[in-house]
Amino acid sequence: MIAEPDGPEDRLRRFATIWSRAVFPVASTSLTRPEFEEQLLPLARRLSRALRQRGFDAEEAKAVGAALTDAHCTDPEALTRTLDCVDAYLVLYCGEDGPQDELRVRCSRLQHAMAGGFAQALRERTLAEQEAIARAALQAQGVVADALHASEARFRAVFEGAAIGIGIADLEGRVLQVNEALLRMFGLSEQALRGRRVLEWTHPEDAPHTWRLYEELVRGEREHYHVEKAFNRTDGTVLWTNLTVSLLRDADGNPQYQLALMEDTTERRLLNLRLRYEATHDALTGLPNRTLFFERLEKALGAGEGQRFGLCYLDLDGFKTINDSLGHAAGDRLLVEVADRLQACATAPGEMIARLGGDEFVALTTGPDTEREVDELAERIMHALVTPVSVDGRELLVRGSIGIVEGPAGERTAAEVLRSADITMYRAKSAGGNRAELADPEADARAITRHGLTTALPAALERGEFFIEYQPLVHLGDGSVRGAEALVRWLHPQHGVLGPDRFIPLAEDTGLIVPLGRWVLEQSVRQAREWRERYGEQTPAGPLRINVNLSPCQLSHPGLVQDTVEILERTGVAPDALCLEVTESALIGADDDLLKPLRRLAEMGVDIALDDFGTGYSNLANLRRLPVSILKLDRSFTQSMQQFPADPVDLKIVEGIVSLAHSLDLSVTVEGVETGAQAEQLRILGCDTAQGWYYARPGPPERVHHLALADATN
């Protein structure tokens with residue numbers, strides 16, 4: 001199959017061509033440049049697949065890096081040119097159809113993995129050469145005893161022709177012989193190196209065990225050791241090496257010389273440092289990123305006794321509005337300016353500023369006195385945000401919410417600390433923003449519990465963990481039970497029975513209130529049918545009615561009327577057996593579109609009750625246009641009636657509401673009746689029905705049965 005012009009195969013070949021032209025001049029190969037390109041083409045194809053596949057496969061990129069050494073590209077310059085080529089052209093020619101930001105990040109990770117594969121393969125190849133050289137050296141030394149001239153020739157050929165640095169010293173550490181590769185590494189002449197003492201080559205970054213291993217070797221206690229070691233050159237630069245030192249013994253087995261083999265790893269180390277920096281710093285602001293921040297935080301939390309930490313978690317207020325209105329480029333410039341200001345706030349030792357992502361930043365301080373320092377750090381951050389930021393000629397006000405966590409090291413994990421800071425930051429934002437809040441373990445526990453309940457809600461409905469309790473509605477005139485309000489409960493596996501105030505707001509936030517409300521409606525209507533079938537003829541006021549609450553989300557859901565009709569028809573219950581309760585606040589300022597479903601239900605015969613009446617700000621004159629037949633007075637109106645005498649102002653208010661409701665042909669139900677005095681006072685004021693603990697607490701449907709039958713008996 002021939003690829004179309006400028007198709008994927010063509011673009012892949014262009015990338016391979018560019019790659020081969022960049023690397024061929026420094027490759028040790030007998031192939032021609034076109035032949036070398038054909039050798040790189042399969043590697044380019046593997047990189048293209050790794051760039052575009054769904055999951056990131058570091059091993060594939062490592063294999064490509066290792067394959068470079070098999071293609072005789074062992075010069076560090078070959079790796080540098082390869083990485084530059086991949087960085088500049090891989091996404092351009094092999095990833096043009098994908099999301100560019102994600103592909104650029106993946107391309108960077110591929111470069112890192114390629115460098116690691118190249119380094120590992122080169123190290124294995126070098127170690128193989130080292131072992132061959134060491135064997136040759138030992139063999140040559142053994143042959144010296146039998147045939148000095150022949151062994152000297154073979155050893156000299158290996159010694160001088162090796163690509164790695166080789167040096168021989170006596171047991172006192174005086175350098176006796178060095179090869180050309182070692183001289184090139186140090187940039188010195190043979191005269192300058194010979195006679196020097198090994199102990200002169202100490203370096204501040206030597207590992208603590210380096211010189212202990214050396215002493216053990218020259219004493220004959222070990223045969224060899226391998227370390228990574230730095231050497232200072234005369235020009236002020238640093239030479240990094242993989243150093244292997246072996247002990248050479250005489251024919252009797254006594255220690256005689258030490259043999260050093262050095263691989264120059266300076267370029268590789270600089271590359272790793274660059275890749276490490278890119279992996280641990282934010283590309284936009286240059287601040288440490290989440291990865292480096294967690295490393296520092298875990299180190300701070302693992303400090304010894306007496307050490308403490310302080311953390312400020314900052315989120316900019318209203319940043320999304322800036323992005324939406326001015327564009328992401330302006331938002332990025334704002335973030336860069338904020339990052340610079342925050343960086344200037346980290347003035348004390350042990351303080352660090354990092355960007356976690358988006359408009360979220362963290363500031364960390366450590367030491368024995370972070371209780372005071374973290375407050376000062378938060379104050380400096382808030383002060384740094386006071387001055388407006390100029391972006392594209394606009395002066396933008398920047399505000400932020402900060403969550404502060406402070407405490408002793410060793411008590412919490414990094415994830416727990418960051419979670420507490422995040423929760424505290426959102427608490428500051430919920431309180432109006434532009435402020436700092438200190439972490440509160442009890443508030444954290446409530447937020448964690450709330451999150452746990454939110455995530456458990458969908459499965460809870462599927463597992464049948466919800467159930468319904470019923471609270472009787474009693475007629476104040478004759479004391480008969482006229483119906484009951486359905487109140488949903490959650491039997492949580494860990495927290496026990498939870499009331500609606502614990503999970504209904506969560507269900508509304510997640511949208512689960514619609515299926516949950518539909519389930520409550522169907523179960524309640526089925527219960528009303530059962531009451532009518534079993535007790536309809538035995539209750540003095542006729543069949544019992546069921547009241548079901550509607551949330552604002554359900555009220556605006558397009559399937560409300562259809563769901564209600566289907567449930568009534570499926571259960572065979574008449575519409576007049578159902579009353580839907582809607583809170584007053586849900587209908588404040590409601591337009592005709594919102595009221596249309598309620599009007600349709602009311603026309604069918606379903607009663608609509610205005611719940612919690614008196615707690616909102618609705619105009620009483622609006623009652624005429626609402627399709628309601630019942631007002632449910634909030635329990636706040638009945639609280640003052642528990643005392644004797646009752647507050648005359650409250651009595652007048654209730655009397656006025658009842659009079660107004662009756663003049664509009666609305667009945668009045670009162671919630672929260674807890675004493676007989678309240679019930680009598682409400683009856684005198686003209687209220688129609690009531691519910692509350694005076695009559696019965698919410699309970700199973702059988703309790704409503706018994707109360708209704710007791711009324712019939714009396």
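Owing to the predicted nature of the structure, the values given are computational and were not obtained by experimental measurement. FYI, side chains are in, hydrogens and waters are out, and symmetry mates aren't considered; it's all heavy atoms of this structure.
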Requested in this report: Begin with the C-alpha distance, continue with both residues' side-chain angles, and end with the deciding distance and a verdict on side chain to side chain donor-acceptor pair (under 3.5 Å) for Thr265 and Asn242.
Outcome: CA-CA 7 Å; Thr265 62; Asn242 279 329; 4.9 Å; no
Any chance [atom1] of [X] has more than 12 other-residue heavy atoms, nucleotides or ligands included, within less than 6.0 Å?
X	atom1	value
His495	NE2	yes
Arg212	CZ	yes
Glu395	CD	yes
Arg518	CZ	yes
Arg109	CZ	no
Tyr225	OH	yes
Glu379	CD	no
His224	NE2	no

Answer yes if the side chains of [X] and [Y] hold a donor-acceptor pair under 3.5 Å, and no otherwise.
X	Y	result
Thr583	Asp612	no
Asp324	Thr321	no
Thr202	Trp211	no
Asp87	Gln111	yes
Ser48	Arg52	yes

To the nearest 0.5 Å, what is the distance between [atom1] ([X]) and [atom2] ([Y])?
X	Y	atom1	atom2	value
Arg222	Tyr214	CZ	OH	14.0 Å
Arg290	Asp282	CZ	CG	11.5 Å
Leu12	Tyr93	CG	OH	12.0 Å
Leu385	Glu337	CG	CD	10.0 Å
Arg296	Thr291	CZ	OG1	14.0 Å
Leu550	Leu560	CG	CG	5.5 Å

Nearest non-hydrogen partners of [X] and [Y], listed with the distance:
X	Y	result
Ile468	Ala486	CG2-CB, 3.8 Å
Arg427	Asp440	NH2-N, 3.4 Å
Asp206	Ala230	OD1-O, 4.0 Å
Leu301	Thr413	CD1-C, 3.6 Å
Phe361	Ala339	CE2-CB, 4.2 Å
Arg341	Ala384	NH1-O, 3.0 Å

Hey, does the side chain of [X] reach the backbone of [Y] with a donor-acceptor pair shorter than 3.5 angstrom?
X	Y	answer
Ser524	Leu521	no
Thr370	Phe309	yes
Thr241	Lys229	yes
Thr424	Ser420	yes
Asp315	Gly400	no
Thr69	Ala66	yes
Glu124	Ala121	no
Asp317	Asn434	yes

Mind checking whether [X] and [Y] have side chains closer than 4.5 Å, heavy atoms only?
X	Y	answer
Pro288	Phe293	no
Tyr313	Glu360	yes
Thr454	Asp509	no
Val238	Thr266	no
Gln554	Ile513	yes
Leu377	Thr347	no
Arg333	Asp392	yes
Leu453	Arg502	yes

If the threshold is 4.0 Å, N to carboxylate O, is there a salt bridge linking [X] and [Y]?
X	Y	value
Arg380	Glu373	no
Arg268	Glu263	yes
Glu295	Arg276	yes

Query raised in the report: Given the rule in the side chain to side chain contact (heavy atoms under 4.5 Å, CB included) test, do Leu243 and His226 qualify, once you have shown the distances and angles that lead to the verdict?
Result: CA-CA 6 Å; Leu243 172 64; His226 179 82; over 6 Å; no
Query raised in the report: With Val86, which of Val91, Leu47, Val64 fulfils side chain to side chain contact (heavy atoms under 4.5 Å, CB included)?
Result: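 Among Val91, Leu47, Val64, the one meeting side chain to side chain contact (heavy atoms under 4.5 Å, CB included) with Val86 is Leu47.
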Query raised in the report: Glu406 and salt bridge (charged side-chain N to carboxylate O under 4.0 Å, His left out): which partner among Arg308, Arg372, Arg412?
Result: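 Among Arg308, Arg372, Arg412, the one meeting salt bridge (charged side-chain N to carboxylate O under 4.0 Å, His left out) with Glu406 is Arg308.
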Query raised in the report: Parallel, tilted or perpendicular: which describes the rings of Phe503 and Trp490, with under 30° parallel and over 60° perpendicular?
Result: perpendicular
Report task. Take Asp359 and Asn323 through the side chain to side chain contact (heavy atoms under 4.5 Å, CB included) test and state the conclusion after the steps. Result -> CA-CA 11 Å; Asp359 60 334; Asn323 260 350; over 6 Å; no
Report task. For the pair Val362 and Cys312, evaluate side chain to side chain contact (heavy atoms under 4.5 Å, CB included) and give the outcome as yes or no after the intermediate values. Result -> CA-CA 6 Å; Val362 285; Cys312 295; over 6 Å; no
Query raised in the report: Hey, mind stepping through Glu278 and Ser108 against side chain to side chain contact (heavy atoms under 4.5 Å, CB included) and telling me if it holds?
Result: CA-CA 8 Å; Glu278 293 176 354; Ser108 178; 3.8 Å; yes
